[in-house]
Every structure is written in structure tokens, then in C-alpha cells.
Amino acid sequence: MCWSLSVFFALISFCHCKCEAKSLTVTETNRTTENEKSMSTAKVFTDQDMEAYNVRTLVELLNLIPGVSASETSVNIQGSSSKSVAVIMDGRPLFNPASGKVYLGGIPIQSIKEVRVIQGAEAAVYGGNTAGGVIVITSKQGKKKYANKIDLAYGMLTTQPSYSPGEEIDRYDFLKKGEINLGTEWNRIGFFINALYEDSEGDRKNRDDQKSVVKGNMDFPLFSTLKGTISGMYSNREKGNPGKEYRLTPESRSDTTEWGSSVILTNSSFKSRTYGNRFHDEVINPPYNIDNELDSLVFGQELNWHGNLKGIPDITLGANAEHRKIDSNQYGKKEESIGSLVICKGFDITAIPLNISIGIKSNLYSDFPVQYNPQFNIDYRRDPFYISFLADRGTTLPTFEQRYYSSASRLANPDLSLEKIYNLKLKFSQRVASNLDYSIVPFYTRIRDRIEYYRFSGYPYDHPLYGKAQYQNLDSATSKGFDINVTYKPIKGLTLDLYYTYLEAKNDKTGNYLFQKPLHKAMFNVRYQIANLVLQLKNIYDGSRYDDSMNRWKIEDRYKLDLKVDYTWEHLNFYFEMPNAFDRRYEVYRGYPGARRSALFGVYYNF
């Protein structure tokens, strides 16, 4: 199916948007490739940036980006839902259409070459749900000079009080980690392989967690202008589900396995990616007679091309088709197909200088009506200023689990409809001096038929809705606010980064705040380097938020400090980390405590 679609779309010349990747450490710099030009702001972290900021996980890296909030199974940008953000790794979407999760926790950070966060017309050329943005992850290739690395770490976790009730002293459990990268190049063909294993005993009873990952890719030239890349990944995660402190589940277990592969072909104007994913999720909890199994199979093909079309310059065309098959022991077998067609036109007014992009993306669904989503970007850049304005519309598809899954505490809702998302964003940035720059990003998002996890509260014990929840479409919801990012280097070796997000996300009908959307988030990062020694303090503040749709259960705000120390000696790097150094107590969700103080000692060797 995918190859026949590839031939068909190639014949009608659907192609790739003219884009430029702008290299960002914390601020933006230009990095123009031969066939790409900027139509929108791109935030980029390279492997060098990851080493400079001593980043150990992909989730940690994404949370360094202003406006981005990530966990091991989800990510959102400026308050968007995780379903509306496409995460693409080596040409393959990581989104599980059945569960709605994006498995970020199992991606080895040492295997990543670059992470780009894009929005607007540049994001629209990717298929699927992209209204919230696109995160593009590129793995390292087979170049020995930066690929070969061994990383070993050992740490301790402070356990929660429920782990050993009645004891007055803290207990500690342990975690272990090992990772290896190997890369080489032979006869212009590059080979890269990464393997990761993590084992954590957990800070609560039945919160142990084991991860194993193997991923690799091969890049090779085809003819004189065509380049190919084949990538593959296997990951498995087995863990306990401890439940909430007031409703413990000491026998609940989860097992998640992911297989994925992709083939990418590129030249100066054309790009093709073919991909396939398989996800297997299993959850058991014998005391509650829960034994859920869920298999997801995804195949997709995407084609992009940029060039002059019948004398009209700067035309971009793109097409995507994807088929999904689900097999659940709870609600049976389901199938659906989705697709998209994109056309963009770019205008360059060099005298100002101004870049304008106008486009439209049509999203096609087998189970929902066709949606037409316009895209508009305008960029102005004149050193030291950069101004960008974005206006677009997008749609988000409800997951299979949201529509069909039911249990003793959750109701199915097969009548869920698409979310319709309208975005307005303005970015202003300035490099005030060689050691000081800042950016401000006001944003406004209105979502019609927003899908919200609605927890019924306020009902008596004998009411049929007591303790129940259901995914529902709200009439509409609005998210508005702004991001601020300031980077200052007062003296040699010292870097100060400030990130702040104000987000007001409400149900337009009731005026209630949306589930788990804090009003304030801030991070202040202090990094000081003396020769080969790097010290880093990361101060994190998350404002209060509500844990239900009726705003009855409030989660208090929290502050924590993460400490990092790195020392490099020749090919060896020694590191020490202490997340939540002051051992602050807080809740992530109602009844679900956040991680207490932990310590991690590690060393990696480059060879």
C-alpha cells in the first residue's frame, strides 16, 4: 500500500516546503542548508548543546525549551495537547494512535544528533496531527569521531513514606544504567548502533522500572545526488504501577514494547520517508481483574518536494498517507486511515527583509470529514532584531482508547469528534549585546470541541457516576499567555538562562481551568565552567494546577533544585547529579507523589 501511494503521489509531484533550520542553543542563529529556507521559527539543540548543558535524557532536554513541557509518555507546546504535537524520529512518528502516548523515556540521549522544534508552515508538511507543532529528532550517523561512547551510572533514590510506613528514617533504593554507542564508516556507507539498559528499584512499592533499547541506522549514497537512510529501533519497558497514595495498587504491572523502522530518501529538492511501527501494551492488576492487551500497527508514506512549478517559484507540495490497525482484548479490532495534502507558496522581499509563507493543508480521515487548514507565516529579520507572526488552523484526532476503552472507573465515548485548533503567535527577539539576548512569545489558542479527561466529582457514593471519568468534547477552550527567555553571560564561563511561561487555559463555557495546566512555570539555570569542571544549578518552579475538570482538587505549586557536576579528563567524563536536592515534597497528580531527592554517579568514555 505504502509503495503504491508513493508512486502515485510522485506522479502528481507533491513536494517539500522551503524551510531553514535555525540553530538554537538557547537563542537563535542562522544555519541555512542548500535546499532549505526559513518559513518559521525553529528551535534546535545539537549534540554539542546537550553535552554543554549536561543533559542525560530527552525529556530533560525538551523541558529546557521555552513553552515545551514533556514527560516520559507525553509532550505539549504552549499548553497544547500531546496528540496535537507530532514527534518524528529518523522519519518515523513516535505517536501511538491507540493509547495516545509518545514514548520519550526510552530514547537514548547519547544516540541523538539534533532535536528541532518547529511550528507553522514548516510543521504543516508533516502528516498527522501537527497543530501544536512538530519535534524532529535526528540520530547520529556512522562517524566514529563523535559516535563511539560508553556510559555507566549508578544511583540512589529516597523512598516515599508509603514504602515503609511507621519508619522514622528514610530508606534508599537503587538505579543502574548502561549505554553504548558504536559508529563507523565503510566505503561511504555509515553504520551506527546504540544500546541502552536502565534498572530502577523505584521510590515506592511496586514502582520498579526496567528499560532496554536497541536502535541503529545505516546511511548511504544512491547515485550522485540521492542519499538514503535506513533506521530501526526496538524498546521494551516493564514497570510497576503503584497507584495513588490513597488507593495503592501493589500488584499492577505494565509491559510496553515498541518496534519501528523507516527508510528516507533525499536529494536537493525531494524527500521521501516510508515508516512502520508496532506497539504492544499490556496492563495487569489481578485484584481488580484487569488484564488489558493492546496491539497497534502503523504504516505510512510521506513525500515532499520543493521547486518551481510551471514558472511559479517557491512552491511547496507535500503528501502523507497512513494506515492504522488496532487489536484490543477490551474493545476488539479497529482500523482507520488518515492522510494530508499540503501546498505552500513562499515570498521573499529581500529589501525589507521579509519572508512570507501562505499555505493550506487538507487533512483526510476515513472516519471523519475532510478538514481544510490554512497556514500563514511572516518573518522579519534585521540584526539584532527578529520578529515572527504565525496564524494557522489545525485538527486533532481522538485516540482509539479515548473513544472505545471502558473500565470500572472509566466510560467509553465513541461519539468523540475532532478538535479544531486556531493558533495565533507572535515572536520578538533581540540580541542586546554579545553576551545578552532575549525573546518574548505571546500566544493565543482557541480549541473548538477540545477533548478533555472529565472526572465526575461531587456525586454521592451510590450515584452511577461516582468515581467515574470520561473523555468528552468541550464546547470550546482557550489557552493564552506568553513565553519569556533571557540568556546572559556576565563573565567568562558563567551562563544564566531564565525561562518563564504564563498560561491561562480555561473551559470557555464554565470558566474552569483545564486539567493539569499550571498558570505559571519558570526555570532559572546557572551554569559555570572552570577549565574542565562544569557546575550547574537548575531551579524549577511549577505553579498550582487543578486535577479535575470541575476545579475541586487543587495541586499546590512546587519548587525544586537540581544539582549537576561534570568533570572531563582526556576521553573520560565523570558526572554527579542530585535532582530535587532539597528533597521537596510535592504531588504530580492528586495522590501521586513526585520523586524525592536522588543521587546519580556516572562516567562515560569516548573512544
Side-chain angles (χ1 to χ4, degrees), residues 74 76-77 79-86 93 95-102 124 126-133 294 296 298 320-326 328 330-341 360-375 392-407 410-423 444-456 465 468-479 505-517 548-550:
S74 67
N76 68 75
I77 301 174
S80 64
S81 68
S82 184
K83 303 187 306 298
S84 66
V85 178
F95 178 73
N96 185 337
S99 66
K101 295 179 180 179
V102 181
Y126 291 90
N129 301 332
T130 61
L294 181 62
S296 311
V298 179
N320 171 274
E322 185 174 291
H323 187 67
R324 302 166 170 179
K325 298 177 67 174
I326 309 299
S328 167
Q330 296 297 309
Y331 52 83
K333 295 182 179 181
K334 306 288 182 180
E335 292 189 37
E336 70 180 7
S337 297
I338 64 171
S340 63
L341 303 173
I360 187 165
K361 178 178 182 177
S362 60
N363 289 88
L364 308 109
Y365 307 98
S366 58
D367 298 340
F368 296 91
V370 177
Q371 300 291 313
Y372 298 97
N373 298 314
Q375 316 286 322
D392 67 8
R393 181 187 188 272
T395 48
T396 299
L397 185 70
T399 69
F400 288 93
E401 289 282 274
Q402 289 175 336
R403 284 177 273 175
Y404 303 115
Y405 179 74
S406 64
S407 67
R410 201 170 110 188
L411 306 176
N413 190 355
D415 297 325
L416 280 175
S417 59
L418 296 168
E419 292 181 333
K420 293 86 175 178
I421 303 170
Y422 303 84
N423 291 312
Y444 175 90
T445 300
R446 185 177 178 84
I447 307 177
R448 290 177 52 201
D449 298 321
R450 177 186 169 91
I451 299 171
E452 182 80 2
Y453 189 62
Y454 190 89
R455 285 180 172 167
F456 299 97
L465 292 180
K468 296 287 182 25
Q470 182 186 51
Y471 283 97
Q472 297 183 355
N473 287 111
L474 306 180
D475 290 338
S476 68
T478 300
S479 298
K506 290 186 175 182
N507 181 329
D508 292 335
K509 183 177 181 179
T510 65
N512 291 338
Y513 287 96
L514 298 184
F515 175 72
Q516 285 286 331
K517 300 294 183 186
D548 71 313
S549 301
M550 300 181 72

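Heavy atoms only: backbone and side chains are in, while hydrogens, waters and symmetry mates are out. Computed from a prediction, not measured in an experiment: that's the story for all the values here.
For Tyr405, the side chain to side chain donor-acceptor pair (under 3.5 Å) partners two or more places apart in sequence, or in a different chain, are Asn292. Applying the side chain to side chain contact (heavy atoms under 4.5 Å, CB included) rule to Lys517 yields the partners Asn76, Arg450, Leu503, Ala505, Leu514; only residues at least two apart in sequence or on another chain are considered. With sequence neighbours left out, Tyr453 forms a ring pair (Phe, Tyr, Trp, His ring centres under 6.0 Å) with Tyr471. A search for ring pair (Phe, Tyr, Trp, His ring centres under 6.0 Å) contacts involving Tyr422 returns nothing, not counting sequence neighbours. Judged as a salt bridge (Lys or Arg N to Asp or Glu O under 4.0 Å), and not counting sequence neighbours, Lys333 has no contacts. Residues satisfying the salt bridge (Lys or Arg N to Asp or Glu O under 4.0 Å) criterion with Lys420, sequence neighbours excluded, are Asp449. Under the ring pair (Phe, Tyr, Trp, His ring centres under 6.0 Å) criterion, Phe456 pairs with Tyr454, not counting sequence neighbours. With sequence neighbours left out, Arg403 forms a salt bridge (Lys or Arg N to Asp or Glu O under 4.0 Å) with Glu336. In this structure Asp508 satisfies the salt bridge (Lys or Arg N to Asp or Glu O under 4.0 Å) test together with Arg446, sequence neighbours excluded. In terms of the side chain to side chain contact (heavy atoms under 4.5 Å, CB included) criterion, residue partners of Asn512 (sequence neighbours excluded) are, by chain and number, Thr510, Asn551. Listed by chain and number, the residues in a ring pair (Phe, Tyr, Trp, His ring centres under 6.0 Å) with Tyr404 are Tyr331 (sequence neighbours excluded). Applying the side chain to side chain contact (heavy atoms under 4.5 Å, CB included) test to Asn96 and every residue at least two apart in sequence or in another chain returns Ala98, Ser99, Tyr103, Phe279, Asp281, Ser296.
Side chains of Asn423 and Thr445: a donor-acceptor N/O pair is present below 3.5 angstrom, by distance only. Between the side chains of Asp392 and Asn373, no donor N or O sits under 3.5 Å from an acceptor N or O.
The neighbour count for Lys325 NZ, taken as heavy atoms of other residues, nucleotides or ligands under 6.0 Å away, does not exceed 12.
Under the side-chain contact (heavy atoms from CB on, under 4.5 Å) rule, Leu397 has a single partner from Arg324, Gln371, Lys83, which is Arg324.
Looking at heavy atoms from C-beta onward, Ile451 lies in side-chain contact with Gln402 at the 4.5 angstrom threshold. Put simply, the side chain of Tyr513 does not reach to within 4.5 Å of the side chain of Asn507, judged on heavy atoms.
At distances below 3.5 Å, at least one donor-acceptor pair connects side-chain atoms of Ser366 with backbone N or O atoms of Ser337.
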